[in-house]
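The structure under discussion appears below in the form of structure tokens.
Here is the naming used below: chain letters follow the sequence lines, and residue numbers restart at 1 for every chain.
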Amino acid sequence: MFEIIASPISAQEVTEQVMHRNAGAVVNFIGTVREITKGRKTLYLEYEAYVPMAKAKLEQIGREIAEKWPGAKSAIVHRVGRLEIGEAAVVIATSSPHRADAYEANRYAIERIKEMVPIWKKEHWEDGELWIGNQQGTISYENGKPEVNEG
Amino acid sequence: MITVLLFAHLREQFGTRDLQIEENSITVADLRKQLEEKYEFLDTKSIMIAVNEEFADDEDVIQAGDTVALIPPVSGG
């Protein structure tokens with residue numbers, strides 16, 4: 001299960017995707033909307049995705065995990081649209097025969113999402129709004145793209 | 001004709017979800033140049049370009065009918 005959806009995510013449903021007889025460990029990550037960032041109060045967030053590409057990139061992360069940690073399974077669902085404080089923006093479930101791999105694979109998945117999955121977040125504050133990521137041009141890609149090579 | 005999809009702050013800046021480019025064949029580098037000449041506020045340095053939903057290199061060639069997207073730095077998660 002690798003999806004971009006516009007409705008609340010069921011962490012239970014995502015987790016069930018990776019549970020199986022040889023799994024001895026299941027790790028669940030829930031990325032939630034935080035109220036205070038750098039001293040500023042967020043009212044709500046808005047997420048936008050290039051949906052078909054974002055879904056394909058989540059699937060790619062799943063394949064990378066399966067190659068790096070044999071026996072590991074993963075499932076990722078990211079939500080788009082308006083999200084309120086405390087709501088889940090992303091749920092990542094990973095499982096493997098032993099816990100170390102399940103933890104590592106899970107961490108890997110969120111870092112890869114932040115690197116290269118085409119999803120954007122807009123912060124809405126009381127006194128303004130900004131697409132994060134960012135338009136000040138402080139990030140530049142030497143090769144015109146992020147490192148997307150597998151592994 | 002090449003369709004260029006826009007997202008996030010680019011979509012808001014341009015006031016549209018896509019641009020139509022009158023080209024049959026153009027490299028990614030030339031597309032960047034053409035867009036920057038036409039839209040002076042646009043700096044593509046921090047923007048990745050995807051062709052048919054895959055990140056493209058500057059020397060890759062875009063053909064008419066391909067779907068191109070300007071991908072500003074991502075902030076999912």
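Neither the backbone nor the side chain of Q13(B) comes within less than 4.5 Å of any heavy atom in chain A. A54(A) does not touch chain B: none of its heavy atoms, backbone or side chain, sits under 4.5 Å away. Using a 4.5 Å cut-off between heavy atoms, L5(B) contacts chain A through its side chain alone, with no backbone atom that close. For Y47(A), the part sitting under 4.5 Å from any heavy atom of chain B is the side chain, from C-beta outward, and nothing else.
M1(A) and I30(A) end up in the same hydrophobic cluster when Ile, Leu, Val, Met, Phe, Trp and Tyr side chains are linked at under 4.5 Å. Criterion: ILVMFWY side-chain heavy atoms under 4.5 Å apart, direct or through other members. Under it, L83(A) and W131(A) are part of a common hydrophobic cluster. Grouping the Ile, Leu, Val, Met, Phe, Trp and Tyr side chains by contacts below 4.5 angstrom, directly or via other members, places V77(A) apart from I113(A). Placement of I61(A) and V51(A) within a single hydrophobic cluster is found when ILVMFWY residues are connected by side-chain heavy-atom separations under 4.5 Å, directly or transitively. Both L10(B) and Y39(B) sit in one connected hydrophobic cluster of ILVMFWY residues. Membership requires side-chain heavy atoms under 4.5 Å apart, directly or through other members.
Summarising the geometry of E48(A) relative to L6(B), their closest heavy-atom pair is OE2-O, 4.5 Å, with the distance given to 0.1 Å. In terms of heavy-atom proximity, K114(A) sits nearest to G76(B) at NZ-O, 3.4 Å.
With respect to the salt-bridge test (charged N to carboxylate O, under 4.0 angstrom), the residues E53(B) and K57(A) do not qualify. Note on K122(A) versus E12(B): salt bridge recorded, some NZ/NE/NH1/NH2 to OD/OE distance being below 4.0 Å.
Considering CE of M116(A) and CD1 of I71(B), their distance stands at 12.0 Å, rounded to 0.5 Å. Note that CE of M53(A) is 10.5 Å distant from CG of N52(B), once rounded to the nearest 0.5 Å.
Under a 3.5 Å cut-off, the side chain of S75(B) and the backbone N or O of W120(A) do not form any donor-acceptor pair.
Within 6.0 Å of atom CD in E40(B), 12 or fewer heavy atoms from other residues, nucleotides or ligands are found, so the atom counts as exposed in its surroundings. F14(B) CZ: more than 12 foreign heavy atoms inside a 6.0 Å radius. No more than 12 heavy atoms of other residues, nucleotides or ligands lie within 6.0 Å of CZ in R107(A), so this atom counts as exposed by the packing criterion. At most 12 heavy atoms of other shown residues, nucleotides or ligands fall within 6.0 angstrom of atom NZ in K73(A). In the displayed structure, E13(A) atom CD is contacted under 6.0 Å by at most 12 heavy atoms of other residues, nucleotides or ligands.
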Please list every donor-acceptor pair under 3.5 Å in which a side-chain atom of residues 85-98 of chain A meets a protein atom from a residue at least two apart or in another chain.
| unit_1 | atom_1 | unit_2 | atom_2 | d |
| --- | --- | --- | --- | --- |
| E87(A) | OE1 | E84(A) | N | 2.7 |
| E87(A) | OE2 | R79(A) | NH1 | 3.2 |
| T94(A) | OG1 | A102(A) | O | 2.8 |
| T94(A) | OG1 | N106(A) | ND2 | 3.2 |
| S95(A) | OG | V18(A) | O | 2.6 |
| S96(A) | OG | H98(A) | O | 2.5 |
| S96(A) | OG | A102(A) | N | 3.1 |

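Contact annotation for residues 15-27 of chain B against chain A (heavy-atom separation below 4.5 Å): no residues qualify.
Between Y50(A) and T67(B) the shortest side-chain heavy-atom distance falls below 4.5 Å.
Chain B forms the most heavy-atom pairs under 4.5 Å with one residue out of I110(A), V80(A), V117(A), L45(A), and that residue is V117(A).
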